[in-house]
Amino acid sequence: MISAYARIGHFHAAIDCFNEFLSTSILQSDHYTFPPVIRACGNLDDGRKIHCLVLKLGFECDVYIAASFIHFYSRFGFVSLACNLFDNMMIRDIGTWNAMISGFCLNDKVAEALEVFDEMRLKSVTMDSVTISSLLPICAQLDDIIWGVLIHVYAIKLGLEFDLFVCNALINMYAKFGELRSAETIFNQMKVRDIVSWNSLLAAFEQNKKPVIALGVYNKMHSIGVVPDLLTLVSLASVIAELGNFLSSRSIHGFVTRRCWFLHDIALGNAIIDMYAKLGFIDSARKVFEGLPVKDVISWNSLITGYSQNGLANEAIDVYCSMRDYSNAVPNQGTWVSILTALSQLGALKQGMKTHGQLIKNFLYFDIFVSTCLIDMYGKCGRLADALSLFYEVPHKSSVSWNAIISCHGLHGYGLKAVKLFKEMQSEGVKPDHITFVSLLSACSHSGLVDEGQWCFQLMEETYAIRPSLKHYGCMVDLFGRAGHLEKAYNFVKNMPVQPDVSVWGALLGACRIHENVELVRTVSDHLLKVESKNVGYYVLLSNIYAKFGQWEGADVVRSKARERGLKKTPGWSSIEVDKKIDVFYTGNQTHPKCEEIYSELRNLTAKMKSIGYVPDYNFVLQDVEDDEKENILTSHSERLAMAFGIISTPPKTTLQIFKNLRVCGDCHNATKFISKITEREIIVRDSNRFHHFKDGACSCGDYW
DNA sequence: CCAATGTCGA
């Protein structure tokens, strides 16, 4: 009875039952009575009392009870107590050894656990399936596949290779190392499988970004009648999010709701929030979030990142503020990473600096991911010097930090410095990864460093054996194209060993626009439209180019194609920080409290600009309307609203910094030059591509943006 | 007695 209560998780009932047993039973308690009770103990004191009782009753040499206590003390972090118990035992059985291994594992003492394993080997203690399945998860933690394989071999030698628990642990171990074929082989060879086996295989494919195969696993288990459980749905939700399957997301939500599983498990709710957020249904994500009976830090983080990744950085910050003010969830590494990412998107320097202060207080300052985000935040908010000094202050042994500082220099147009940093990274012995080269190549292309870029590309394959991905090819095409070597860029695309994707064609298209090569546009556009893409940006770029060359039918084709594929234009926004507060403007926005003043300032500016030679470029207006309406549309672009707001809200000649989610419009780029001249201000615009410095009627990146 | 699967962030 005690054991039954403990097994189903009714620990209090188990303890009550035990007390009743002690007070009423004439039977002597034995070594079957105690272990379930010890397992049921929810706090240290209860366990201690039982331990005293056990000693009084003379059970101190009982191996079953000792194993329970070793496990018990380890559960509460008193692994040294557990050790003492273990060391003082005259006779140990396999359960005792296993309990000690699991005790070390519970406390993340991987090396000690493996020492116990070694001792067992040396003393010829025969291991069982429990030993093996406790040890396997450690190998993944150690990041050492040699240990994993070694233990696998041991399992075979012991005749445990078809044991259910061992196999499940093996599937998980191989999956963590990305060895999916091995994981699948184990699964296929199993004589008996349970729900854990299926879930493990499903998660293996999901976590290694193979959602299609993962879905296949699910369909298979469904077709042979295996009933999915809560954990199946957690993985399935991630699979559906990755596949971008809108309909299935609703079915999953319904399935979970009908079974009331939200009440039983936070992780499942979190997975559904994340699924909706990744599919862009941020409102549904919010509803699920609000409906959760209990929320943990991951629930909050999921919603924050959801908003942030859907371009709603301001909303992400709002969620974070509610978390801080109305919940007792403690922000963790993930929270800070999400917040800093959102702040960098918005260019919210002041709030970012405040966050920096909080991180110092929370000792998270030296966390590699958090500090990388801080570097990125300073860089993206225009404080490159601060980013660099912070970089040298925090640990930078990992490529992640170097990638951040290199990419920031690229964004600011300092290609040579980026290359210099890369060389420094090499000399410090930090191994670059594929992202390092993306940052580096794009830094070179923004600064027109063709030779340096080619050098990097070659180095990547020859020295570091990194096979170029489509992103790298895209960067190279951009490098050649932007520098005016269109022929070379096109040949490069034709000779690629892999099928070019939208980003590669898009890069070539961008080059065609800059260098006004109409003939090539046709070819590129044919290819571009053939490749499926969810990125509307390329369609907009293409129709802009057709419009620019006066080829209206071409523009129409592109627009109808975009409509046919159900793509909606991403709303453009720009933000500006005034008095420590961020204001976000959407194109055409008329709801800002200072709306009247902003538009009147813009009319005023436009008149002055025209008098010194500004001519609006209507090619950037895709709607087919009259010219004066086109002018209105250009004037209400988000970057101009933000700029006008900055002008009326700050003292004369103050530098303005504008942050934009999309690429800055060509006409706005031109207009900003005039505005910088008229207002005698330095204006810095960071768009999705790079920083633009406007001063005295000119821009740091010349005529082409 | 002792053992296995899942959610966010980079």
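Scope of the values below: all heavy atoms of this structure, side chains included, with no hydrogens, waters or symmetry mates.
Using a 4.0 Å cut-off, no side-chain N or O of A/K278 falls inside it from OP1 or OP2 of B/dT7. Within the 4.0 Å cut-off from OP1 or OP2 of B/dG9, at least one side-chain nitrogen or oxygen of A/T305 is found. For A/R193, no side-chain nitrogen or oxygen approaches OP1 or OP2 of B/dA4 to under 4.0 Å. Taking side-chain N and O atoms only, A/S102 has a distance below 4.0 Å to OP1 or OP2 of B/dA3. Residue A/R39 places at least one side-chain N or O under 4.0 Å from the OP1 or OP2 atom of B/dC2. OP1 and OP2 of B/dC8 both lie 4.0 Å or more from every side-chain N or O belonging to A/Q309.
With distances taken from any side-chain atom of A/V234 to the nucleotides B/dC2, B/dC8, B/dT7, the minimum falls on B/dT7. Closest to the side chain of A/I298, out of B/dT5, B/dT7, B/dG9, is B/dT7. Distance from the side chain of A/P35 is smallest to B/dC1 among B/dG9, B/dC1, B/dA4. For A/F165, whose side chain is taken as the heavy atoms from C-beta onward, the closest listed nucleotide among B/dA4, B/dT7, B/dC2 is B/dA4. Closest to the side chain of A/A67, from the set B/dG6, B/dC2, B/dC1, is B/dC1. For A/S302, whose side chain is taken as the heavy atoms from C-beta onward, the closest listed nucleotide among B/dG6, B/dA4, B/dC8 is B/dC8. Taking only side-chain atoms of A/N270, from C-beta outward, the nucleotide of B/dA3, B/dT7, B/dC1 with the closest atom is B/dT7. For A/L230, whose side chain is taken as the heavy atoms from C-beta onward, the closest listed nucleotide among B/dT5, B/dG6, B/dC2 is B/dG6. Side-chain proximity of A/V337 to B/dG6, B/dA4, B/dA10: nearest is B/dA10. Considering only the side chain of A/F369, B/dA10 comes nearest among B/dG6, B/dA4, B/dA10.
At whole-Å resolution of the value, CG in A/D274 and C1' in B/dC8 are 7 Å apart. Atom NE2 in A/H253 sits about 19 Å away from atom P in B/dT7, given to the nearest Å. Nucleotide B/dC8 holds its C1' atom 10 Å from the CD1 atom of A/I273, rounded to whole Å. Straight-line distance from the CD1 atom of A/I171 to the P atom of B/dA4: 15 Å, rounded to whole Å. For A/K209 and B/dA10, the NZ to C1' distance is 12 Å, given to the nearest whole Å. Taking atom CG of residue A/L202 and atom P of nucleotide B/dT5, one finds them 15 Å apart after rounding to whole Å. Taking atom CG of residue A/L158 and atom P of nucleotide B/dA3, one finds them 19 Å apart after rounding to whole Å. Note: CG (A/L268) to P (B/dC8) measures 12 Å, nearest angstrom.
Ring-centre distance between A/H51 and A/Y73: below the 6.0 Å cut-off. Aromatic pair A/F422/A/F437: centroids less than 6.0 angstrom apart. Aromatic pair A/F205/A/Y218: ring centres not closer than 6.0 Å. Separation of the A/F117 and A/W97 ring centroids does not fall under the 6.0 Å cut-off.
On a pure distance criterion of 3.5 Å, no polar donor-acceptor pair joins the side chain of A/N332 and the base of B/dG9.
Side-chain atoms of A/N270 and A/N301 form no donor-acceptor pair, as typed in the model, at a separation below 3.5 Å. Between the side chains of A/N168 and A/S200, not a single donor N or O lies within less than 3.5 Å of an accepting N or O.
A/S129 comes within contact range of at least one nucleobase, with a heavy-atom separation under 4.0 Å. When heavy atoms are screened at a 4.0 angstrom cut-off, A/D296 is found touching no nucleic acid atom at all. A/V63 comes within 4.0 angstrom of a nucleotide base, judged by non-hydrogen atoms across all strands.
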Requested in this report: Just do the ring-ring contact (aromatic ring centres under 6.0 Å, His included) check on A/W336 and A/F369 with the steps written out, would you?
Outcome: CA-CA 9 Å; A/W336 299 108; A/F369 287 114; over 10 Å; no
